[in-house]
Amino acid sequence: LSSLNGLLQGIFLGYLNLPAYLITTANNVMNVPFIFSFLFGLLSDSMPICGRRRQPYMILGWALNTLALMLLALWPMPAPYYCVGPDGEYDMNTAPCNPEARNTYVHIMLAVGMISLGLGLSQAAADGLLVEHAIREPKETRGSTQGTLQMVTLFGQFCLSLVTAFGFNGKLYTGTFDQKYQLSFQGLCLVLLVPTTATLFLCCISVRELALAKTETESDLESNIQSQDVDNCNVEPDQRKTGKSSFGQSLLDTWDLLSSKSFFCIAMYLFWKSIADINTPATAYIQLQWAGVRMLQSQLTSVLGIAASALGMWLAKTYLLNVSWRKTLLATAVITNVLDAIPQFLTVFDVVRNQYFYLGEPITVLILSSAGALVMMQIINEVADESNAGLVTGFTSTISFVASPASSVLGVQLFGFFKPDLSNRDNFVKDTDHFRWVVAMSCLVSYGFSFLSLLFLPLLPRNKEDAQKRKSEWGRHSSYAYSTVLIFALALVYTLLVDFISLNPSLSCLKLVGGEGCS
């Protein structure tokens with residue numbers, strides 16, 4: 001389900017023909033629930049339901065996923081923006097048949113936002129459970145279990161890519177095949193309901209939680225509850241009060257975590273690295289209009305890319321568990337940017353415009369990116385304790401989901417100054433030499449920000465030993481917590497303001513959100 005957002009480009013760029021900058025805004029809005037991952041982790045750590053800390057939240061999350069997919073499957077779609085020609089392709093040379101289609105994107109974003117909420121809630125609980133297991137592994141192999149389960153996640157994405165490559169690949173959704181032989185968006189949601197419902201069922205019957213050491217208070221509470229019907233949660237009001245006290249204590253623990261200098265450095269690295277990840281909106285139409293990438297090629301490449309990610313994760317957990325984290329991240333950042341630049345510029349200047357050439361580079365990049373993902377898993381393992389595993393994993397996710405939308409908003413506003421408009425498909429159709437240079441300059445700006453983010457690498461520990469040394473020796477001060485909260489709050493408010501303005505179709509033309517200005 002986490003790959004569903006990528007499929008929406010076929011709906012937004014093709015079926016509804018939204019401007020490219022609104023695709024960025026749509027992704028931001030749909031990812032808003034992940035911003036509260038730390039709160040989900042906090043709830044999972046400190047507010048058990050029926051005596052369980054992880055399973056109930058996993059069940060609730062997957063129930064939301066199931067409900068959202070049912071809504072998407074039953075909600076009727078409007079007619080497409082463009083007229084459809086005899087060959088099933090869109091006729092872009094005539095006036096659109098349904099110009100109002102552009103104003104019907106909000107319910108899709110909100111429904112997928114509900115899926116994001118369900119995934120965020122269930123993932124925070126599951127990650128907390130997984131970190132509890134990882135903490136108990138030997139130091140030399142710590143993180144290998146997470147690497148293995150990451151490969152399982154990639155297999156799920158692999159299955160979705162196969163389904164969409166051969167089942168959701170109609171011409172109405174920027175695909176290749178005749179639409180009458182392919183799934184509609186509603187049909188795809190019905191297909192996804194099957195594994196989603198199965199996962200909900202498995203969460204109900206198969207999740208096993210680890211027993212944690214009990215405090216004296218918790219032991220007394222357990223003895224009081226033994227005479228009660230725990231399965232039905234028949235706990236007296238005075239006993240429930242202990243759960244509330246636990247949540248209050250967890251809030252204090254959160255402040256204590258944010259006051260830690262070692263965690264502050266990691267948080268600042270994650271935040272500013274994500275802020276510096278400013279991407280040009282031109283990428284969407286470089287791929288679709290100039291490289292000629294369609295749904296089939298995109299999804300088949302995704303299948304190969306997932307296999308490459310699994311290979312990269314296996315190589316990383318086999319050979320890189322004890323390699324310097326800074327060196328690993330530096331190497332992956334430099335190599336991935338250089339590899340990405342080659343097909344981008346050759347496509348922009350019409351040296352090579354071929355969908356398979358354009359899509360070949362991401363496969364190699366994904367192998368390297370897996371190493372970076374494993375590094376972040378190891379850092380979380382060293383920072384977290386058994387009592388706050390869900391909080392730490394949730395908060396690190398929150399950092400990325402606060403910073404990434406803010407980065408997208410800043411990127412949309414920055415590249416809004418580039419003329420001709422990088423979000424207007426007509427400019428890519430005209431394909432003038434001047435516009436090619438404008439697109440190329442926007443790509444150079446994106447790579448420049450990416451290399452700029454490397455300046456924040458010293459904020460990270462070098463390895464596991466350095467992380468533990470920082471954790472035990474570096475002090476705490478409330479200024480770290482105040483600074484973190486203030487920075488995140490400003491980024492969050494600014495991002496939500498811009499994104500929710502974009503939800504109003506009559507205001508989405510404002511320059512503030514990346515539009516050309518409203519008349």
[X] to [Y] - nearest heavy-atom pair and separation:
X	Y	answer
L346	F357	CD1-CZ, 3.5 Å
F40	A124	CB-CB, 3.6 Å
P343	D340	CD-O, 3.3 Å
N17	Y285	OD1-OH, 4.4 Å
R425	L13	NH1-O, 3.9 Å
F488	V402	O-CG1, 3.8 Å

Requested in this report: Please lay out, stage by stage, how I286 and V439 fare under the test side-chain contact (heavy atoms from CB on, under 4.5 Å).
Outcome: CA-CA 9 Å; I286 293 175; V439 173; 3.6 Å; yes

Any side-chain heavy-atom pair from [X] and [Y] closer than 4.5 angstrom?
X	Y	result
M268	T484	yes
L258	V485	yes
N98	P78	yes
D350	W290	no
P281	V412	no
L457	K273	no
V438	L422	yes
S260	Y480	no

Can you check whether [Y]'s main-chain N or O pairs, donor with acceptor, with [X]'s side chain at less than 3.5 Å?
X	Y	answer
R326	L460	yes
N427	D421	yes
S116	V112	yes
S404	F401	no
S450	Y447	no
S407	I275	yes
S446	I278	yes
Q186	W75	yes
T432	F435	yes
Q179	L183	yes

Requested in this report: Decide yes or no on side-chain contact (heavy atoms from CB on, under 4.5 Å) for F168 and Q182, but give the supporting numbers first.
Outcome: CA-CA 6 Å; F168 185 63; Q182 295 291 301; 5.5 Å; no

So, taking the atom named [atom1] in [X] and the one named [atom2] in [Y], what distance separates them when rounded to the nearest 0.5 Å?
X	Y	atom1	atom2	value
L72	L67	CG	CG	10.0 Å
L18	T104	CG	OG1	8.0 Å
T283	F415	OG1	CZ	8.5 Å
Y269	I399	OH	CD1	12.0 Å
W437	L444	CH2	CG	8.5 Å
S262	L459	OG	CG	12.0 Å

Other residues, nucleotides, ligands: >12 heavy atoms within 6.0 Å of [X] [atom1]:
X	atom1	result
Y482	OH	no
F155	CZ	no
R436	CZ	yes
M441	CE	no

Query raised in the report: Less than 6.0 Å separating the ring centroids of Y15 and Y173?
Result: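 Between Y15 and Y173, the centre distance is under 6.0 Å.
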
Requested in this report: Determine, stepwise, if the pair F263 / W474 fulfils ring-ring contact (aromatic ring centres under 6.0 Å, His included).
Outcome: CA-CA 10 Å; F263 185 79; W474 284 14; over 10 Å; no

Query - Aromatic ring pairing Y82/Y90, orientation class (parallel under 30°, perpendicular over 60°, tilted between) - result: tilted

Requested in this report: Please lay out, stage by stage, how H477 and S479 fare under the test side-chain hydrogen bond (donor to acceptor under 3.5 Å, both in side chains).
Outcome: CA-CA 5 Å; H477 198 280; S479 61; 2.9 Å; yes

Query raised in the report: Does the cation-pi check pass for R353 over Y358, that is, NZ or CZ under 6.0 Å from the six-membered ring centre and within 45° of its axis?
Result: no

Report task. Run the numbers on N381 and Q378 for side-chain hydrogen bond (donor to acceptor under 3.5 Å, both in side chains), then give the verdict. Result -> CA-CA 5 Å; N381 290 344; Q378 293 183 83; over 6 Å; no

Report task. Determine, stepwise, if the pair R102 / L16 fulfils side-chain contact (heavy atoms from CB on, under 4.5 Å). Result -> CA-CA 5 Å; R102 281 189 168 184; L16 301 179; 5.6 Å; no

Requested in this report: Give the C-alpha distance, both sets of side-chain angles, the deciding distance and a yes or no for side-chain contact (heavy atoms from CB on, under 4.5 Å) between L288 and V293.
Outcome: CA-CA 5 Å; L288 180 63; V293 175; over 6 Å; no

